[in-house]
Amino acid sequence: MKLKINEYLKNNFTLVSKKTILISFFVLPLFYACKEEKKEHTPFETADIIPVKTATVQSLALTNNISASGLITTENQANYGFKIGGVVKRIYVEEGQFFKKGQLLASLDETEINAGLNQTDLNVKKYERDYNRANNLYKDSVYTLEQLQNTKTGLDIAKKQKDAVAFNARYAKIYAVADGFVTTKIANEGEVVGAGSPILAINETIQNNNYLLKIGLTDKEWASTKIGQKAVVTLDGYPDERFDASIFRKSQASDAALGSFQVELKLNMKKSKPAVGMFGKAEIKAETAEDFIIIPYNSLIEADGDKAFVFLVENNKVKRQPVTISKFENNKVFIKDGLQKTDQIVVSNSAYLNEQSTIKIIK
């Protein structure tokens, strides 16, 4: 009896052990699977709290200077020519040569001119004789008063014609009306030129203070400048020098070819004499400073042109704020509007945020 009981227990224990081992094979993978599933949901990046770094926006007062480039010219440019036509006898200057006020620059052949002067002189003498004869005949009551007056009118006309020819003869020579230099020699000796035809293209200079830098500005830049505003100019021909300048003239119409508004800066060249057409760069100094909000480049999100967004931090929450960009400078962004001086913005992990995010501010 005792033997049967022992045998029964042994058989049942073996069965229980087999079942326990079989169940263990099923339970262990399930346990580890549950453990793995729990592990997949615990990484930090899927957590509700997002760590961010913040910074208070900076404010800086800057002078918004205007930078532009252009070419050297002078205040007055002109084409010199003869008042009458004729043959060019001589040109006394060459291209690029400087001259002084009153200097003889060119002349016409005077053969024909002198002949015209002699002719008018003879004509005057003839009318003088006619008038004297008519006056004597009038005294003798042979000529009427009308005949005497007509003779006197003829004499007056002859004198005026002589004055006109003498006046034109004076303009058969070209004299400089101011200090300057020859830009282009248009005609040469021996050429037949008409009245008023250009002979020399010149630029006037007055004590080296007559040089201008002609630059092109946008409509906004043009509107922000005024006559007399100060500037600093550098020229490629004088790389180690900086020249003081001021706005001298502003064009009231845009240049159709360039699509810009022309502004002329008068230069103080000291002792330097630049060539016309020399390239120069100007920086026009702003008279008033403008306040800018400056933020890091990394704080921007969804930037498009001059529009972008940043995240503001308020009560440990973030708010999506639109801003307008003025300009970029290295890793800094100058904001025109949208932020205040006391605003605190997110400068890291902005791409993972939305307005429902919970944040943790870290240093």
Side-chain angles (χ1 to χ4, degrees), residues 73-207 210 212 249 252 276:
T73 183
T74 61
E75 180 178 341
N76 294 321
Q77 298 174 285
N79 289 333
Y80 282 179
F82 299 105
K83 186 179 184 297
I84 59 177
V87 179
V88 178
K89 180 180 181 181
R90 188 172 178 185
I91 297 177
Y92 300 91
V93 289
E94 298 296 331
E95 289 186 0
Q97 181 177 338
F98 283 84
F99 52 79
K100 296 292 184 180
K101 181 179 180 179
Q103 182 176 335
L104 178 62
L105 304 180
S107 62
L108 289 175
D109 189 308
E110 297 182 2
T111 302
E112 186 178 358
I113 298 169
N114 291 333
L117 283 172
N118 291 333
Q119 183 178 353
T120 57
D121 185 55
L122 293 173
N123 200 36
V124 168
K125 290 178 179 180
K126 173 185 179 301
Y127 275 98
E128 285 178 344
R129 291 194 302 269
D130 291 345
Y131 175 70
N132 291 332
R133 186 184 309 111
N135 190 36
N136 292 330
L137 292 173
Y138 174 73
K139 291 177 180 178
D140 294 338
S141 300
V142 177
Y143 264 28
T144 63
L145 178 61
E146 181 181 1
Q147 289 175 312
L148 178 63
Q149 290 174 337
N150 289 340
T151 307
K152 180 64 169 62
T153 300
L155 175 60
D156 292 341
I157 292 173
K159 288 180 178 180
K160 294 299 182 182
Q161 288 176 340
K162 180 180 178 180
D163 291 342
V165 172
F167 176 81
N168 288 336
R170 289 198 296 272
Y171 285 91
K173 296 180 179 181
I174 298 175
Y175 293 92
V177 298
D179 294 350
F181 59 90
V182 179
T183 307
T184 308
K185 188 167 71 171
I186 301 172
N188 294 299
E189 295 176 1
E191 287 188 34
V192 178
V193 296
S197 298
I199 305 299
L200 298 170
I202 63 94
N203 286 72
E204 295 181 4
T205 59
I206 303 172
Q207 298 178 352
N210 205 27
L212 304 177
R249 274 193 297 236
Q252 297 299 313
V276 170

Side chains of [X] and [Y]: closer than 4.5 Å at any heavy-atom pair?
X      : Y      : result
Ile186 : Ile199 : no
Leu108 : Val193 : yes
Leu148 : Tyr131 : yes
Tyr175 : Leu104 : yes
Phe99  : Val182 : yes

Next on the checklist: Show, in sequence, the C-alpha distance, side-chain angles and deciding distance for Lys83 and Phe167, and conclude whether the side chain to side chain contact (heavy atoms under 4.5 Å, CB included) test is met.
Outcome noted: CA-CA 10 Å; Lys83 186 179 184 297; Phe167 176 81; 3.5 Å; yes
Would a distance-only check, ignoring hydrogens and angles, find a side-chain to backbone donor-acceptor pair under 3.5 Å from [X] to [Y]?
X      : Y      : value
Asp140 : Val142 : no
Asn210 : Glu204 : yes
Asn132 : Glu128 : yes
Glu191 : Val88  : no

Item to check | Criterion side chain to side chain contact (heavy atoms under 4.5 Å, CB included) on Asn123 and Gln119, from CA distance to verdict | outcome: CA-CA 6 Å; Asn123 200 36; Gln119 183 178 353; 5.7 Å; no
Please say whether more than 12 non-hydrogen atoms of neighbouring residues, nucleotides or ligands are located less than 6.0 Å from [atom1] in [X].
X      : atom1 : answer
Gln103 : CD    : yes
Tyr80  : OH    : yes
Tyr127 : OH    : no
Gln147 : CD    : yes
Lys89  : NZ    : no

Checklist entry - Are a donor atom and an acceptor atom from the side chains of Asn203 and Thr183 found within less than 3.5 Å of each other? => result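 Short answer, yes.
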Next on the checklist: For a side chain to side chain contact (heavy atoms under 4.5 Å, CB included) check, start with the C-alpha distance between Lys162 and Asp121, then their side-chain angles and the critical distance, and finish with the verdict.
Outcome noted: CA-CA 6 Å; Lys162 180 180 178 180; Asp121 185 55; 2.8 Å; yes
Next on the checklist: Let's go through Ile157 and Thr153 carefully: what are the C-alpha distance in whole Å and the side-chain angles of both, what is the deciding distance for side chain to side chain contact (heavy atoms under 4.5 Å, CB included) to 0.1 Å, and is it a yes or a no?
Outcome noted: CA-CA 6 Å; Ile157 292 173; Thr153 300; 4.0 Å; yes
